[in-house]
Every structure is written in structure tokens, then in C-alpha cells.
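Worksheet for the structure shown next.
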Amino acid sequence: MDQQKYLTNQRNKEKILQGNNLEQERNKNLQENKAGRLKKIVVPLLQWYDNNARDLPWRENSEPYAVWISEIMLQQTRVEAVKPYYDRWLKAFPTLSALAAAPEEEVLKLWEGLGYYSRARNIHKTAKIVEENYEGMLPSSFEALLKLPGVGEYSAGSIGSIAFQLPVPCVDGNVLRVITRITAEDADISEPSTKKLLTEWVRAIVPDARPGDFNQSLMELGASICLPNGLPKCESCPVSSLCEAFQQNKTTDFPVKKPKPQRKKEKRTVLLILLGDKAAVRKRKDSGLLASLWEYPNYPGELKEQEVIEKLQAKGLSPVTAIKLKKAKHIFTHIEWQLSGYLVTLDESLFSEKQVDWAEFSGGEDDFFWANSDLLHEHLTIPSAFKVYHQILLNTLQSAH
DNA sequence: AAATCGGGGAG
DNA sequence: CTCCCAGATTT
């Protein structure tokens with residue numbers, strides 16, 4: 001009896017296994033069809049690109065150094081936002097050697113406002129590595145590029161194909177959208193496995209001739225025709241006849257993406273503390289959000305005027321007035337700062353402090369550095385989160401003279 | 001696998 | 001408001 005039960009069980013297991021194999025086989029064939037469909041886009045896409053490529057600054061300079069800088073700047077950052085930074089950067093650091101020789105503060109200052117500041121630090125690190133290990137020339141293999149700080153799968157692919165004509169794929173958000181629509185692929189693109197799969201599809205079709213142009217044509221299509229949020233301009237698309245989503249009138253169904261976690265809200269109070277022609281700033285801790293950048297002293301919660309006075313008195317300062325400023329909001333990807341602020345003036349006669357050079361400053365969590373307008377303008381990197389109050393302060397300092 | 005890391009423009 | 005951008009790295 002038990003024996004028979006066992007045999008039945010085994011047969012069922014085999015059936016299930018066989019079913020799985022059949023399903024896997026079907027999936028494999030389906031994916032090969034999708035990959036096969038993709039091959040047909042190469043020629044029309046390159047032709048379309050030749051006639052429709054935007055006139056972008058980094059397309060006028062094909063030196064690996066320039067390509068590299070542009071690709072890092074473009075990570076998660078819109079073309080329009082990058083343009084002024086790119087031009088200014090190449091003026092300030094025309095060569096990789098010039099960049100490697102610059103102090104990090106200068107590098108960060110040029111990045112001020114562009115966001116994701118670890119990119120700037122990694123660029124600087126990489127410049128030094130390349131000076132030391134590669135005689136000042138960026139390595140030309142995909143594997144070596146991938147090892148550089150700040151260069152991941154995408155950037156190694158884009159730099160490799162654009163600057164070194166390597167037939168390697170580069171898959172960014174644009175490409176994910178374009179490819180999932182053409183193939184009507186409903187796998188979740190926020191899964192790394194999905195990105196891997198699509199990368200292999202693209203790898204199979206990147207042409208040996210003009211790999212960089214082909215990769216750019218895919219991204220360009222995503223940026224100008226195959227738009228997100230369900231409004232693609234399919235009537236102008238050079239490959240709509242090859243697009244499964246378009247044929248099925250389902251372009252808005254792709255790409256499939258899992259919803260984003262909710263942003264946490266954080267109330268903070270920013271203090272503009274004036275001492276003659278100087279204002280208090282401090283340096284953020286060297287890890288986490290806005291690491292090592294400069295900021296105006298700010299504290300958790302929505303402080304009342306009296307609390308502000310007391311806090312400063314506890315630090316040995318002598319506030320004379322504290323005027324409430326307008327509220328502001330700054331949205332990061334995962335945090336929302338709800339800011340309130342005060343303009344505080346101190347009694348200069350009661351103040352004395354030794355001041356080291358700003359580049360040497362390394363105070364504790366809440367130690368102040370007194371910066372004049374020139375330093376704030378020319379040297380200290382203050383993130384955009386403080387822009388509203390930064391502007392108020394600069395105006396105040398200016399009108400006081 | 002999930003969280004972290006900026007900032008801004010478009011709808 | 002929401003979405004997402006020529007992503008990389010850490011946890």
C-alpha cells in the first residue's frame with residue numbers, strides 16, 4: 001500500500017517536472033523570438049539616428065576623457081541639466097591630468113547642484129588611478145573600465161562603445177523602456193535579472209560597426225520618441241512596425257516596474273547666523289546624505305524663536321535677534337525636508353574665536369565655521385537643499401554693504 | 001534584494 | 001502632487 005502510494009507520488013513528481021521543462025522550453029523559444037525581432041531594428045534605428053540625433057556638446061568631442069565625464073554626469077541626470085556643467089568642467093579641467101592634480105574641494109565646487117556627489121569624488125579618484133596605473137589614458141577594455149570607481153555596467157558599456165568602438169551593450173532607463181515595448185516584455189525592470197536579460201538581448205544585436213552610435217540611437221529614441229509615462233510618439237517612431245507593444249496598442253503597459261517606497265518627511269530648522277560680514281556654516285559628516293558638503297546649521301524639528309535663542313546660548317553665542325524666515329521644502333529621492341528658518345544676528349563685541357583655513361576645517365557635528373560672502377560663493381560647496389536660505393543670506397550680506 | 005544617494009523638469 | 005532621468009554602491 002505504502003509502496004503504491006510512493007510510486008504514484010513519484011509519477012506525479014515526474015509529470016510536474018516534465019511540465020516545468022516544457023514551460024521552460026516555451027519561455028526560451030519566446031525569448032529567442034524576442035531577441036530575433038530586435039535584430040531588425042538595428043539598420044532603421046541607425047538611419048533614424050543619422051537624421052535626428054540631437055546636437056549635444058559631448059557629441060562634438062570623442063576623446064575618451066570627455067566621453068567619460070559626460071557619461072558620469074548623465075547618470076540619473078537629464079541632458080538639459082548636464083549641459084552647462086559639462087562645458088564648465090572641460091574648461092576648468094581640459095585634461096585628465098589637470099583633473100587629477102586638482103584639490104577635491106575644487107572638483108566638488110564644480111559639481112555643486114548636480115547631485116549624487118559621490119560621482120564627483122569617484123571621478124576624481126579615477127583620474128588619480130588612471131594617472132598612476134594607465135599613464136594618464138583611460139583603459140580601453142570593458143573589464144578595465146568596469147573596475148574604475150563610479151563606472152558600472154552601463155557606463156563601461158557607453159564609454160567602451162562610444163569612445164573605444166567596443167561592440168558592447170549599454171542599458172539605461174531609456175533602453176529598458178524601448179526594449180520592453182518592442183518585445184512586449186512584461187518582466188519587472190526593477191529586477192536585476194530582468195536588466196541582465198535585456199542586456200543580453202542588446203549584446204546580441206550591437207553592430208561591430210558604429211556600436212556607440214547604435215547605443216546612442218537606442219537612448220535617443222527613448223529620450224525623444226519612446227517617452228515614459230504613457231505618451232510615446234509612436235507616429236514618429238522609425239521602428240513602430242517592429243514594435244510588439246505598438247502593434248497590440250499596449251505601449252502604456254510597458255515597462256513593468258514595481259512601485260516606489262514612500263518618502264519619509266523630516267522637519268528641520270535652518271539657522272542663518274550673522275556675525276558682521278560672516279555667517280556660520282558647518283561641514284556635514286563624511287558619510288551618508290550630502291557627505292562632507294557645507295551647510296548652514298540646521299536642527300531636527302520646527303524650532304520656536306525662543307528655542308533657537310537657547311540653543312545658541314548653550315553654544316556660548318550671544319544672539320541679539322532671531323527673525324523668522326519663510327518656509328521651504330526640498331525633496332530628495334527618499335526623504336522630504338520641510339524646512340523653516342531664522343535669520344539670527346550676534347553681538348560681535350561678545351565674540352572671539354580662532355579661525356583656521358576653511359580647507360583645513362574639520363570640526364565636530366555642530367562646530368561652526370565663519371565664512372564670508374566670497375568663500376560661500378567661490379569655494380564652499382553648499383547643496384541645493386539649502387538654496388532658498390543660501391540666497392537669502394547672500395542678499396542680506398550684500399545689502400549690509 | 002533592498003536601501004541609499006540629488007536635483008529638477010514635465011505632466 | 002507623481003514620475004523618472006544616458007545608475008552605482010552599500011547594506
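FYI, side chains are in, hydrogens and waters are out, and symmetry mates aren't considered; it's all heavy atoms of this structure.
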Checklist line | More than 12 heavy atoms of other groups within 6.0 Å of K265(A) NZ | finding: no
Notebook entry, point to check: Mind checking whether R181(A) and P232(A) have side chains closer than 4.5 Å, heavy atoms only?
Noted result: yes
Item checked: E266(A) CD to dG6(B) P, straight-line distance once rounded to whole Å -> 13 Å
Margin query: Looking at R119(A) and dC5(B), is any side-chain donor or acceptor paired with a base atom of the opposite kind under 3.5 Å?
Written below: no
Check: Which listed nucleotide (dG8(B), dA6(C), dC4(C)) is nearest to the side chain of D172(A)?
Finding: dA6(C)
Item checked: Nearest-Å distance once atom C1' is located in both dG8(B) and dT9(C) -> 23 Å
Check: Looking for any heavy atom pair under 4.0 Å, which part of the strands does K258(A) touch: base, sugar-phosphate only, or nothing?
Finding: sugar-phosphate
Note to self: What contact category does E80(A) fall into here, base, sugar-phosphate, or nothing, at under 4.0 angstrom with non-hydrogen atoms?
What the structure shows: nothing
Next item on the list: Round to a whole Å and report the spacing from CG of L231(A) to C1' of dA10(B).
Entry: 9 Å
Next item on the list: Describe the nucleic acid contact of L56(A) in one word from base, sugar-phosphate, nothing, applying a heavy-atom distance below 4.0 Å.
Entry: base
Note to self: Side chains of S158(A) and E71(A) only: does a donor on one sit below 3.5 Å from an acceptor on the other?
What the structure shows: yes
Notebook entry, point to check: Are N229(A) and dC4(C) close enough that a side-chain N or O sits under 4.0 Å from OP1 or OP2?
Noted result: yes
Margin query: Please classify the nucleic acid contact of R121(A) as base, sugar-phosphate, or nothing, using heavy-atom distances under 4.0 Å.
Written below: nothing
Next item on the list: Measure from the side chain of K387(A), starting at C-beta and using heavy atoms only, and say which of dG8(B), dC5(B), dC4(C) lies closest.
Entry: dG8(B)
Note to self: Both E336(A) and I162(A) contact DNA chain C. Which one's nearest nucleotide lies toward the 5' end?
What the structure shows: E336(A)
Note to self: As a test of reading the structure: which of dG7(C), dT4(B), dG7(B) is closest to the side chain of Q75(A), going by heavy atoms?
What the structure shows: dG7(C)
Next item on the list: Could you tell me the separation between the CD1 atom of I382(A) and the C1' atom of dG6(B), rounded to a whole number of Å?
Entry: 16 Å
Next item on the list: Answer with base, sugar-phosphate or nothing: what part of the nucleic acid does Y154(A) contact at a heavy-atom distance below 4.0 Å?
Entry: base
Next item on the list: Report the distance from atom CD of Q262(A) to atom P of dT2(C), rounded to the nearest whole Å.
Entry: 8 Å
Notebook entry, point to check: Would you say the side chain of S384(A) and the base of dG8(B) hold a donor-acceptor pair, judged only by whether the two atoms sit under 3.5 Å apart?
Noted result: no
Next item on the list: Scan G113(A) against the nucleic acid and name what it touches under 4.0 Å (heavy atoms): base, sugar-phosphate only, or nothing.
Entry: sugar-phosphate
Margin query: For a quick test of reading the model: is some side-chain N or O of H330(A) closer than 4.0 Å to OP1 or OP2 of dG7(B)?
Written below: yes
Notebook entry, point to check: To the nearest Å, how far apart are K83(A) NZ and dC5(C) P?
Noted result: 18 Å
Next item on the list: Give the rounded distance in Å between these two atoms: CG of L74(A) and P of dC5(C).
Entry: 13 Å
Next item on the list: Describe the nucleic acid contact of V82(A) in one word from base, sugar-phosphate, nothing, applying a heavy-atom distance below 4.0 Å.
Entry: nothing
Notebook entry, point to check: Separation of Y116(A) atom OH from dG7(B) atom P, in whole Å?
Noted result: 10 Å
Check: When you compare dG6(B) with dT11(C), how far apart are their P atoms, in angstrom units rounded to a whole number?
Finding: 14 Å
Note to self: Looking at K326(A), I want to see if its NZ is surrounded by more than 12 non-hydrogen atoms of other residues, nucleotides or ligands under 6.0 Å.
What the structure shows: no
Notebook entry, point to check: Considering only dA8(C), dA6(C), dG6(B), which nucleotide approaches the side chain of E71(A) most closely?
Noted result: dA6(C)
Next item on the list: Just compare dG7(C), dG7(B), dC5(C) and give me whichever is closest to any side-chain atom of S155(A).
Entry: dG7(C)
Check: Checking all strands, does I72(A) fall into the base, sugar-phosphate, or nothing category for heavy-atom contacts under 4.0 angstrom?
Finding: nothing
Next item on the list: Determine the interplanar angle of the Y296(A) and H390(A) rings, folded into 0 to 90°, and report it as parallel if under 30°, tilted if 30 to 60°, perpendicular if over 60°.
Entry: tilted
Notebook entry, point to check: Atom CG of N174(A) and atom P of dC3(C): how far apart are they, to the nearest Å?
Noted result: 18 Å
Note to self: Given dG7(C), dG6(B), dA1(B), identify the nucleotide with an atom nearest to the side chain of P192(A).
What the structure shows: dA1(B)
Notebook entry, point to check: What does P383(A) touch in the nucleic acid at a heavy-atom separation under 4.0 angstrom: a base, only the sugar-phosphate, or nothing?
Noted result: sugar-phosphate
Check: Under 4.0 Å: is that the gap between some side-chain N or O of R177(A) and OP1 or OP2 of dC5(C)?
Finding: yes
Checklist line | Pairwise C1' distance, dC4(C) and dC5(B) [rounded to whole Å] | finding: 15 Å
Check: Heavy atoms under 4.0 Å, any strand shown: does T333(A) hit a base, just sugar-phosphate, or nothing?
Finding: base
Next item on the list: Determine the contact category for W337(A): base if any of its heavy atoms lies under 4.0 Å from a base atom, sugar-phosphate if only primed atoms, P, OP1 or OP2 are that close, otherwise nothing.
Entry: nothing
Check: Is Q247(A) atom CD crowded by more than 12 heavy atoms from other residues, nucleotides or ligands, each under 6.0 Å away?
Finding: yes
Note to self: Looking only at side-chain N and O atoms, does N174(A) offer a donor or acceptor that is under 3.5 Å from a partner on R177(A)?
What the structure shows: yes
Notebook entry, point to check: Is any side-chain heavy atom of L274(A) less than 4.5 Å from a side-chain heavy atom of L346(A)?
Noted result: no
Notebook entry, point to check: To the side chain of L290(A), which of dG8(B), dA6(C), dG6(B) is closest?
Noted result: dG6(B)
